[in-house]
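Take a look at the structure set out below.
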Amino acid sequence: MFRMISNRQIADAFDLLADLLRLKDAEGYRFEIIAYQRVAEALRELPRDVRALAAEGRLQEIDGVGKAIAAKILELLEHGTLRLLEELKAEVPQGLVDVLRVNGVGPKRAMLFYQQLGITSVAELEAAAREGKLRTLPGMGAKSEQKILESIAALARRTTRARADIALQAAERILRALQALPNVLRAEIAGSLRRGRATIGDIDLLVATHTPAPIMDAFVNHPDVVRVLAQGETKSSVELLSGLQCDLRAVPPERFGTALSYFTGSQAHNIRLRELALQRGLSLNEWAFTATDGSGREILCASEEEVYAQLDLPYIPPELREDRGEIEAAQANALPNLIEISHIRA
DNA sequence: AGGCAGTACTG
DNA sequence: CAGTAC
DNA sequence: GCCT
């Protein structure tokens, strides 16, 4: 019989597998990494016990689970471990997985730090940065070193995801300030916060404007901002008082619909929309639909309704955009009616 | 067998 | 440009 | 790695 092992534990194993592969050779295992991460996410959302599914021989019905991953799940259920995982752990120190969580440190740098300085933990990374050792490495300088120190501090400030209600308050404060600026035609919350998720990792904001520069300026200078992570013409990123990261993108108003759709996600939902677009001879990104026939012809959408209309779909509310059947439901014109506060009476 | 997204910011 | 993040 |  199978061991006591939860869906979550299996998901964690696949995430670990993905991270270790990333450290070993991110490019070489690019698609395997994505595959493992997809399955990890699917397992966390799975409403059923994987063991029951496995007992029925139906593992491959899980999204993203094929023959190889099904075998790995069975291996986990039977032995509690994965041979592949153990082998990788022997090659790559597990502590490096935490180092990957530091902003600005990806697999290349994590391995560089490990091989050149023997760093295998965030604590060691912090010590090395304080001692000015990182700047001696190729491609690193005093500034990168400082950034890493700040990222480690930020990591300590927010270990868990934020509750949506807390994040919403923080988001609305910024949003109001943006809306009050001249030349801001629209400003909206995007991301998981807009999708109504219970917890969120960061705040995504979107503005429509023809003059992004002064808006980005105002954004990074908002009183709630404690640190500017990045600032560009169309995209800036800050850390707020709450420790939350907040990203702002600026797009011209005639492209606001595609942008809002894109940045609202979820990623899985976006992938499905892109597929539908491709079937219609169009590629879809945050800026527009673009004809794939080489003409470069663009179809601009100022509203999300236009985006869905272009794909012959009824409008799908953000709360449903998780690729959990909403596309099919929309195609069948059978979207569930969401319950709104106004629908509830005492 | 071939696709799997593509763009923006930093140093 | 490489590396990173979304 | 999985999917079409």
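These values consider heavy atoms only, across backbone and side chains, with no hydrogens, waters or symmetry-generated copies. In what follows, chains are A, B, ... by sequence order, proteins preceding strands, each numbered from 1.
Rounded to whole Å, the distance from NE2 on A:His269 to C1' on C:dC6 is 18 Å. Taking atom CG on A:Asn103 and atom C1' on C:dA5, their separation rounds to 8 Å, with Å as the unit.
Residue contacts shown for A:Gly141 are absent, as no nucleic acid heavy atom lies under 4.0 Å away. Using a 4.0 Å heavy-atom cutoff across all strands shown, A:Val102 reaches sugar-phosphate atoms only and no base atom. Counting any heavy atom pair closer than 4.0 Å across all strands shown, A:Thr234 reaches sugar-phosphate atoms only and no base atom. Within the 4.0 angstrom heavy-atom criterion, no nucleotide atom of any strand lies near A:Val39.
OP1 or OP2 of C:dA5 has not a single side-chain nitrogen or oxygen of A:Gln245 nearer than 4.0 Å. Using a 4.0 Å cut-off, no side-chain N or O of A:Lys235 falls inside it from OP1 or OP2 of B:dC9.
Among residues two or more places apart in sequence or in another chain, the side-chain hydrogen bond (donor to acceptor under 3.5 Å, both in side chains) test is passed with A:Ser6 by A:Gln9.
Using cut-offs of 30° and 60° on the angle between ring planes, the pair A:Tyr308 and A:Tyr315 is perpendicular.
In this structure, of C:dC6, B:dA5, B:dG11, it is B:dA5 that holds the atom nearest to the side chain of A:Tyr262.
On the nucleic acid side, DNA chain D contacts chain A at distances under 4.0 Å to non-hydrogen atoms, with the end points of that region at D:dG1 to D:dC3.
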